[in-house]
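In this text, all values refer to a predicted model and were calculated from it rather than measured experimentally.
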Amino acid sequence: MKRVASIELLRFVSSLMVIIWHYQQFFLPFNPFSEKEILTNNRLNQPFYDYLNLFYNYGNKGVDFFFIISGFVFAFVYLSNKNKTNSKTFFVNRFARLYPLHFLTLIIVFFLQFYSNENFNTYIIHFLNDSYHFILNLLFVSGWGFEKGLSFNGPIWSVSIEIIIYFIFFIIILSSQNNQFFKSVFLVIFFLTLRKLLDFQFISLINAKLLNCGLLFFEGVLVYYLSKKIRNNTTFFLFGLAMFSLSLTGNFKIYLFLPSVIIIFLSFERFINKKLNNFFCFLGNLTYGTYLWHVPLQILIVIIMKKQEINFSSIELETFFLLYLTFLFIISVVSYYFFEKKMRVLIRSKFSN
């Protein structure tokens with residue numbers, strides 16, 4: 001399957017944003033054994049802060065990039081294919097891609113949290129690790145509004161929410177090839193309207209995270225249509241640059257900023273040679289792994305440090321930071337090639353038979 005290398009790079013950068021943002025989880029209140037609280041006056045003590053302060057302070061926006069990137073990628077894969085995709089193929093592919101690693105990391109976090117609670121009388125990072133939240137995670141609905149907060153492998157909430165949007169994409173956009181563009185425009189307006197009503201407190205029962213995900217996902221779909229409409233690369237780049245500038249004028253406009261960044265990245269696609277293409281796609285392959293493995297790794301590191309009585313001030317060292325990222329990327333590479341990829345092939349082949 002053809003992939004867009006510039007988007008694979010952006011997806012990896014988005015994952016890196018979240019990972020660096022979550023470095024704060026080595027501190028209080030996430031790490032109960034640390035003596036320093038990251039949410040007060042300790043952000044400057046995070047490694048390489050002068051260079052990574054944007055990621056440390058705004059890395060949570062990487063999740064928003066995931067949402068809009070997903071919309072573009074789904075449109076690129078499915079809407080450019082004139083052959084109709086049936087529901088079985090669509091949802092089996094999604095299950096094979098997402099659930100195996102989610103299940104594996106959920107079980108690992110379960111045992112790590114059990115060990116921590118038994119030995120130290122406390123959980124680490126996420127503290128709602130009861131049977132109710134385990135079932136929510138097991139059913140992949142931990143972000144649907146039934147939860148009381150983050151639990152177990154917390155970052156999976158965003159993937160959980162995307163599943164709802166996948167259903168909407170298939171039912172409204174993919175199940176019929178008629179008026180797909182106009183239906184995508186309608187969905188952007190629909191989610192934006194509900195989001196604005198939520199801001200003005202006219203409605204309060206709708207999950208704000210779901211509305212945000214839906215809006216950004218279908219903005220990504222519209223970016224795909226825009227990339228097919230504006231064939232001139234220079235014009236496409238200037239259009240993205242104009243959107244980018246407008247998003248920073250006055251109040252920050254994230255729903256203009258995010259699509260503008262994707263457009264700018266896409267503008268450089270034609271300049272990416274084969275070696276860079278392969279490298280960016282390799283990085284893109286690691287995205288899901290780094291996203292789901294970083295919390296289990298953090299919990300494991302904290303347990304080891306506590307067990308071995310290692311001073312937690314070491315988390316402020318640049319060497320510690322680099323070693324942590326190195327281990328994370330090694331785990332993600334092994335996970336992709338020896339687990340994720342194999343499980344994907346196994347599940348797809350089994351269900352296709």
Side-chain angles (χ1 to χ4, degrees), residues 9 11-39 42-63 65-66 101-102 104-106 108-113 115-116 120 122-127 150 152-156 158 282-340:
L9 174 62
R11 177 153 53 184
F12 176 78
V13 172
S14 302
S15 176
L16 195 60
M17 288 173 64
V18 175
I19 290 164
I20 295 175
W21 162 261
H22 279 160
Y23 194 79
Q24 63 184 286
Q25 293 175 165
F26 280 117
F27 298 83
L28 284 170
F30 308 99
N31 174 7
F33 311 119
S34 175
E35 296 179 354
K36 295 185 178 180
E37 185 171 1
I38 196 65
L39 300 182
N42 199 45
R43 282 194 181 276
L44 293 176
N45 288 350
Q46 294 183 102
F48 300 106
Y49 182 85
D50 290 342
Y51 306 99
L52 299 174
N53 63 83
L54 283 177
F55 283 11
Y56 279 130
N57 291 299
Y58 304 104
N60 58 329
K61 299 304 178 185
V63 175
F65 272 115
F66 285 150
L101 186 59
H102 161 58
L104 177 62
T105 54
L106 172 62
I108 289 174
V109 169
F110 172 85
F111 283 110
L112 288 174
Q113 294 287 26
Y115 179 89
S116 176
F120 310 129
T122 183
Y123 293 123
I124 299 168
I125 299 179
H126 303 306
F127 300 92
L150 293 177
F152 293 98
N153 196 3
I156 199 66
S158 63
F282 165 75
L283 293 179
N285 290 335
L286 304 184
T287 299
Y288 192 51
T290 54
Y291 190 66
L292 287 196
W293 279 113
H294 75 276
V295 169
L297 179 59
Q298 286 184 317
I299 296 172
L300 177 62
I301 289 173
V302 170
I303 288 175
I304 292 173
M305 292 179 70
K306 177 63 176 177
K307 194 72 175 176
Q308 299 299 319
E309 298 183 350
I310 299 173
N311 194 319
F312 278 95
S313 63
S314 59
I315 61 181
E316 300 174 23
L317 300 177
E318 295 176 351
T319 303
F320 181 95
F321 176 85
L322 293 174
L323 285 173
Y324 161 66
L325 288 186
T326 300
F327 280 124
L328 177 59
F329 290 130
I330 291 173
I331 292 170
S332 300
V333 170
V334 173
S335 171
Y336 178 75
Y337 288 103
F338 295 98
F339 181 75
E340 296 173 59

Partners of [X] by side-chain hydrogen bond (donor to acceptor under 3.5 Å, both in side chains), sequence neighbours excluded?
X: T105; value: N153
X: T290; value: S15
X: Q113; value: none
X: S332; value: none

| request: Measure centre to centre between the rings of F33 and F120, then say whether the value is under 6.0 Å. | output: yes
| message | Show, in sequence, the C-alpha distance, side-chain angles and deciding distance for L16 and W21, and conclude whether the side-chain contact (heavy atoms from CB on, under 4.5 Å) test is met. | response | CA-CA 8 Å; L16 195 60; W21 162 261; over 6 Å; no
Applying side-chain contact (heavy atoms from CB on, under 4.5 Å), name anything that partners [X], two or more places apart in sequence or on another chain.
X: F12; answer: L283, T287, F329
X: F338; answer: V334, K342
X: E318; answer: P47, F48
X: N53; answer: Y49, N57

Can you name the nearest heavy-atom pair linking [X] to [Y], along with the distance?
X: Q24; Y: Q46; value: N-OE1, 3.6 Å
X: S158; Y: Y291; value: OG-OH, 2.7 Å
X: H126; Y: P155; value: NE2-CD, 4.3 Å
X: F65; Y: M17; value: CD1-SD, 4.1 Å

How many angstroms lie between [atom1] in [X] and [atom2] in [Y], if you round to the nearest 0.5 Å?
X: L292; Y: L297; atom1: CG; atom2: CG; value: 13.0 Å
X: F66; Y: Y288; atom1: CZ; atom2: OH; value: 11.0 Å
X: F111; Y: L106; atom1: CZ; atom2: CG; value: 10.5 Å
X: I124; Y: L112; atom1: CD1; atom2: CG; value: 8.0 Å
X: I20; Y: N60; atom1: CD1; atom2: CG; value: 13.0 Å

| request: Flag the pair V18 / V63 as yes when at least one side-chain heavy-atom distance between them is below 4.5 Å, and no otherwise. | output: yes
| Partner residues of F26 under the ring-ring contact (aromatic ring centres under 6.0 Å, His included) criterion, sequence neighbours left out | Y23, F320, Y324
| task | Mind checking ring-ring contact (aromatic ring centres under 6.0 Å, His included) for F327 and listing every partner two or more places apart, or none if nothing turns up? | result | none
Show me the donor-acceptor pairs within less than 3.5 Å that the side chains of residues 299-311 make with the rest of the protein, sequence neighbours left out.
from: N311; atom 1: OD1; to: S313; atom 2: N; distance (Å): 2.9
from: N311; atom 1: OD1; to: S313; atom 2: OG; distance (Å): 2.9

| Could you give all pairs that pass the ring pair (Phe, Tyr, Trp, His ring centres under 6.0 Å) test and reach residues 292-319, with sequence neighbours left out? | H22-H294
| For V295 and Q25, what are the C-alpha separation, side-chain angles and deciding distance, and is it a side-chain contact (heavy atoms from CB on, under 4.5 Å)? | CA-CA 9 Å; V295 169; Q25 293 175 165; 3.9 Å; yes
